Amino acid sequence: MPELPEVEHAARTLRAWLSGRTIQRARAVDTRIFRGGSLGDFERSLPGRTLARVDRRGKYLLLTFEGGVGVMSHLGMTGKWVRRVAGAPSRRRTVPKHSRAHLVLDDGSALHYVDPRLFGQIVVVRAHPVAELAVIQALGPDALVDGVEPGRLHAALARSARPIKVALLDQSVLAGIGNIYATEALFDAGIDPSRPSRSLTRGEVARLAEAIRGVLTLSLGRIEAGEIAYLSEGRGVPNRFVIYDRAGSPCPRCGKVLRKTVLGGRTTAFCPGCQR
DNA sequence: ACGGATGTTCGCGC
DNA sequence: CGCGCGAACATCCG
């Protein structure tokens with residue numbers, strides 16, 4: 001579930017895996033994950049290089065290598081980076097299922113990009129810094145790095161009549177929020193997700209901004225603490241969210257039965273009792 | 001067994 | 001231009 005906290009964790013993990021290492025080999029499978037001439041650039045431009053930095057903007061990972069080659073990696077719905085260590089006494093397969101690309105490092109490890117549904121993207125950029133890609137420039141302030149400034153958010157929300165939940169998913173309004181954290185933050189702030197975004201008062205936007213900060217930092221903390229095995233193989237992990245995917249259960253705040261609706265084509269859980 | 005849903009983004013048509 | 005909808009794909013659940 002790669003939204004901001006999960007992508008931030010992926011960024012930190014990649015930073016640790018790649019720091020001080022040299023890429024020996026790069027291979028990719030020809031899928032639509034690679035746009036333009038990126039597949040060839042991925043295989044040819046990366047070997048011999050070392051990492052300069054890993055950044056995250058919203059849900060986008062930005063890798064910059066010494067010598068001026070950048071890689072943009074977006075995880076889509078089901079993408080993740082996993083590491084395989086040579087000779088590890090593991091019963092896991094050497095090449096993970098649905099591996100679409102991998103980097104072999106000088107310590108013998110291999111970093112695989114795994115993405116069953118192929119909704120992710122990898123773009124290799126040589127002409128300019130990777131952060132100058134149009135998709136990155138189009139992003140609004142990052143919900144974690146830049147913070148959620150209530151006045152600015154209020155101004156952005158005041159321009160549209162679409163539901164507040166849909167506006168929160170718009171990455172040009174605020175970068176990093178996806179379906180789960182939009183649902184959670186609106187519940188936390190006690191705001192009905194179907195309200196027109198421009199109907200929110202300054203006070204409500206301030207509450208929402210605090211709720212967004214809260215749900216993102218809480219989740220990131222839990223991921224970093226190892227409480228959540230996002231990068232591991234395990235599936236069927238229990239739902240750790242407060243109301244996401246809990247329609248039909250009692251509201252943990254007021255006890256009314258949680259309901260669900262569809263906004264912007266996305267399922268949205270909400271409490272009819274305490275979200276106004 | 002099969003229909004319907006699933007974390008994201010983009011492009012099309014109105 | 002704003003918006004709503006479907007498509008891209010594999011897997012899981014009931």
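Just so you know, these numbers use all the heavy atoms, side chains as well, and skip hydrogens, waters and symmetry mates. Each chain gets a letter, A, B and so on, in the order the sequences are listed, and its residues count up from 1. Because the structure is predicted, anything quoted here is derived from the model rather than measured.
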Quick one: [X] [atom1] to [N] [atom2], roughly how many Å, whole number?
| X | N | atom1 | atom2 | answer |
| --- | --- | --- | --- | --- |
| A/K165 | B/dG7 | NZ | C1' | 11 Å |
| A/Y181 | B/dT8 | OH | P | 10 Å |
| A/R35 | B/dC10 | CZ | P | 9 Å |
| A/I33 | B/dT9 | CD1 | P | 15 Å |
| A/D170 | C/dC3 | CG | P | 9 Å |
| A/R100 | C/dA8 | CZ | P | 16 Å |
| A/R240 | B/dG7 | CZ | P | 14 Å |
| A/M77 | C/dT11 | CE | P | 14 Å |

Side chain of [X] only, heavy atoms from C-beta on: which candidate in [options] is closest?
| X | options | value |
| --- | --- | --- |
| A/N179 | B/dT6, B/dT8, C/dC9 | B/dT8 |
| A/R162 | C/dC3, B/dT6, B/dT9 | C/dC3 |
| A/F119 | B/dC10, C/dC9, B/dT6 | C/dC9 |
| A/K59 | B/dT6, B/dT8, C/dC9 | B/dT8 |
| A/Q171 | B/dG7, C/dC9, B/dT9 | B/dT9 |

At less than 4.0 Å, is any side-chain N or O atom of [X] found next to OP1 or OP2 of [N]? Yes or no.
| X | N | value |
| --- | --- | --- |
| A/Y60 | B/dT8 | no |
| A/H98 | C/dT11 | yes |
| A/T78 | B/dT8 | no |
| A/H74 | B/dT9 | yes |

Report which part of the nucleic acid [X] touches: base, sugar-phosphate, or nothing (heavy-atom distance under 4.0 Å, all strands).
| X | result |
| --- | --- |
| A/R266 | base |
| A/K97 | sugar-phosphate |
| A/G265 | nothing |
| A/S160 | sugar-phosphate |
| A/V166 | nothing |

- Spell out, as yes or no, whether a donor-acceptor pair under 3.5 Å connects the side chain of A/H112 to the backbone of A/V114.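 No, A/H112 side chain to A/V114 backbone: no donor-acceptor pair under 3.5 Å.
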- Would you say A/E6's side chain and A/K59's backbone share a donor-acceptor pair under 3.5 angstrom?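 Such a contact is absent between A/E6 side chain and A/K59 backbone.
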Please measure how far the [atom1] atom in [N] lies from the corresponding atom in [M], and state the result in whole Å.
| N | M | atom1 | result |
| --- | --- | --- | --- |
| B/dG4 | C/dG6 | P | 13 Å |
| B/dT9 | C/dT11 | P | 22 Å |
| B/dA1 | C/dC9 | P | 25 Å |

- In Watson-Crick or G-U wobble terms, both distances under 3.5 Å, what is the partner of B/dG7?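 WC or wobble partner does not exist here.
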- Should C/dG14 form a Watson-Crick or G-U wobble pair with both distances under 3.5 Å, which nucleotide is its partner?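 Answer to the pairing question: B/dC2, which forms a Watson-Crick or G-U pair with C/dG14.
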Establish, from distance only, whether the side-chain atoms of [X] and [Y] form a donor-acceptor pair under 3.5 Å.
| X | Y | result |
| --- | --- | --- |
| A/S99 | A/Y113 | no |
| A/T183 | A/R266 | no |
| A/K260 | A/T267 | no |
| A/R195 | A/S199 | yes |

- is_close_aromatic(A/F187, A/F270), centroid dist under 6.0 Å: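 No, ring centres 6.0 Å or more apart.
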